[in-house]
Undergrad: 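I have a structure I would like to understand better, so I am pasting it below and will then ask my questions one at a time.
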Amino acid sequence: MRPARGFLEESNEHGPPMRKPLIAGNWKMHKTLGEAIDYVMAFREAVEDVIAVDVLLCVPAPLCSPLAKLLKESNIQLGAQNLYWEEKGAFTGEVSGPMLESVGCNYVIVGHSERRHVFGETDEDVNRKLRAALAAYLTPIFCIGETLAEREADETNDVLTRQVAEGLKGFSADEIAKMVVAYEPVWAIGTGQTATPNQANETQRVVRELVKAQAGEEVAGALRILYGGSVKPDNIVELMREPEIDGALVGGASLGVDAFVRIVTYYETTEAETQR
Ligand code: PGA
């Protein structure tokens, strides 16, 4: 069986381009400042030796500035969960890319399914937000994924084709090279229902092909495509064995330090432990 991938163990000699795994927590709308500080103090210590994967916390906007200070000298990157596409102006309640960058964010989630389905974000909005993120020197995590109804109607590939084409409209290969993609089947988010590793892998292969058609083989081959949707300590190892899965975007299971540390350090899980 293929070992779960940890960057350092992977040889690049004959295989696909090396893609360092990225494990990202998405706290969604959880944690007050006090709770967040307690979490980060414990988490920072628990993962301080991790170099095999990139570690990222995507937190609510008000927590970005205080947590950036705590994460400054650490190996944990900081991201926001959304941004508005204008730089500034009369847009009450919105937060811009330059604001996020100025308080120490490196990443921002764009087009998460909750933004699309709860707040009505369109592919065009997502496209503008991706542009705004790059303009502010933030790495966007561009989220795509089909609903259950779409999967059952056999429309998964059509939906992903549309989301990728519209989301990436007008972007050059160089710009796409600065992004991360997250495939999150909507039916698997927060439901406890995960795509099987094979299902996720096959879908992500399609996504990489779609990116390749626009950005070329080199950029598509180096692009990190994360899987998201009910990722847990118990399924991360088998997901990470798949060649097209370059990391995870983790919601619920990133809220507790212990569970998220186990996910981040999945590559240390022994074969015996995965059999249990
Ligand atoms: P979940 O959320 O891990 O709670 O399913 C994933 C996400 O929405 O990013």
Side-chain angles (χ1 to χ4, degrees), residues 4-5 19-30 53-60 76-82 107-119 121 123 126 129-130 133 139-148 150-151 156-157 159-160 163-164 167 179-208 210-211 223-256 259-264 266:
R5 296 187 313 141
R19 298 187 293 260
K20 185 173 184 183
L22 169 63
I23 305 291
N26 171 15
W27 283 359
K28 308 194 179 186
M29 198 175 75
H30 290 282
V53 304
D54 286 337
V55 185
L56 168 65
L57 288 175
C58 295
V59 306
I76 304 164
Q77 313 241 52
L78 184 66
Q81 301 170 3
N82 182 32
Y107 284 79
V108 61
I109 298 174
V110 174
H112 188 276
S113 75
E114 285 146 22
R115 300 298 318 169
R116 293 177 188 261
H117 297 289
V118 183
F119 299 98
E121 270 184 24
D123 289 319
V126 171
K129 291 183 175 197
L130 288 172
T139 300
I141 300 182
F142 168 37
C143 298
I144 54 174
E146 80 287 0
T147 62
L148 183 59
E150 288 161 345
R151 178 163 280 265
T156 301
N157 288 2
V159 170
L160 296 174
Q163 289 177 338
V164 171
M179 301 182 187
V180 171
V181 170
Y183 167 60
E184 300 202 301
V186 180
W187 47 272
I189 295 180
T191 58
Q193 211 184 333
T194 338
T196 65
N198 190 262
Q199 235 173 359
N201 190 62
E202 287 313 309
T203 312
Q204 295 194 188
R205 193 192 307 284
V206 172
V207 173
R208 200 176 300 282
L210 292 169
V211 173
L223 180 78
R224 289 194 285 193
I225 305 181
L226 315 182
Y227 169 78
S230 296
V231 173
K232 298 185 193 69
D234 293 349
N235 58 24
I236 183 71
V237 174
E238 44 174 0
L239 286 163
M240 291 305 293
R241 281 199 182 105
E242 298 293 337
E244 294 293 338
I245 300 181
D246 306 315
L249 184 54
V250 186
S254 74
L255 292 174
F260 197 42
V261 168
R262 282 172 63 205
I263 292 174
V264 166
Y266 67 89

Undergrad: Has the side chain of N235 got a donor or acceptor atom that lies under 3.5 Å from a matching backbone atom of S230?
TA: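 Present.
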Undergrad: Find the distance between NE2 (H112) and CG (N82) and round it off to the nearest 0.5 Å.
TA: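 The distance works out to 11.0 Å.
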Undergrad: Calculate, to the nearest 0.5 Å, the distance between atoms CG and CG belonging to L239 and D234 respectively.
TA: 11.0 Å
Undergrad: Measure the spacing between CG of N201 and CD of E242 and express it to the nearest 0.5 Å.
TA: 4.0 Å
Undergrad: Tell me which one of R224, K20, R208 satisfies salt bridge (Lys or Arg N to Asp or Glu O under 4.0 Å) with D246.
TA: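 Running salt bridge (Lys or Arg N to Asp or Glu O under 4.0 Å) over R224, K20, R208 with D246 returns exactly one hit, R208.
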Undergrad: Between I76 and L78, is the side-chain contact (heavy atoms from CB on, under 4.5 Å) condition met? List the steps.
TA: CA-CA 7 Å; I76 304 164; L78 184 66; over 6 Å; no
Undergrad: Without hydrogens or angle criteria, can the side chains of Y266 and E238 be said to hold a donor-acceptor pair below 3.5 Å?
TA: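 Distance-only check fails for Y266 and E238.
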Undergrad: Looking at CD1 of I245 and CG of L226, how far apart are the two atoms once the value is rounded to the nearest 0.5 Å?
TA: 10.0 Å
Undergrad: Before giving the answer on side-chain contact (heavy atoms from CB on, under 4.5 Å), spell out for E244 and Y227 the whole-Å C-alpha distance, their side-chain angles and the decisive distance to 0.1 Å.
TA: CA-CA 9 Å; E244 294 293 338; Y227 169 78; over 6 Å; no
Undergrad: Test side-chain contact (heavy atoms from CB on, under 4.5 Å) on I236 and V250 and set out the steps.
TA: CA-CA 10 Å; I236 183 71; V250 186; 5.8 Å; no
Undergrad: One pair to check against side-chain contact (heavy atoms from CB on, under 4.5 Å): R116 and V186. What are the steps and the verdict?
TA: CA-CA 10 Å; R116 293 177 188 261; V186 180; over 6 Å; no
Undergrad: Calculate, to the nearest 0.5 Å, the distance between atoms CD1 and CD belonging to I141 and Q81 respectively.
TA: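 I141 CD1 to Q81 CD: 10.5 Å, rounded to 0.5 Å.
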Undergrad: In Å and rounded to the nearest 0.5 Å, what is the OG1 to CD1 distance from T203 to I144?
TA: 9.5 Å
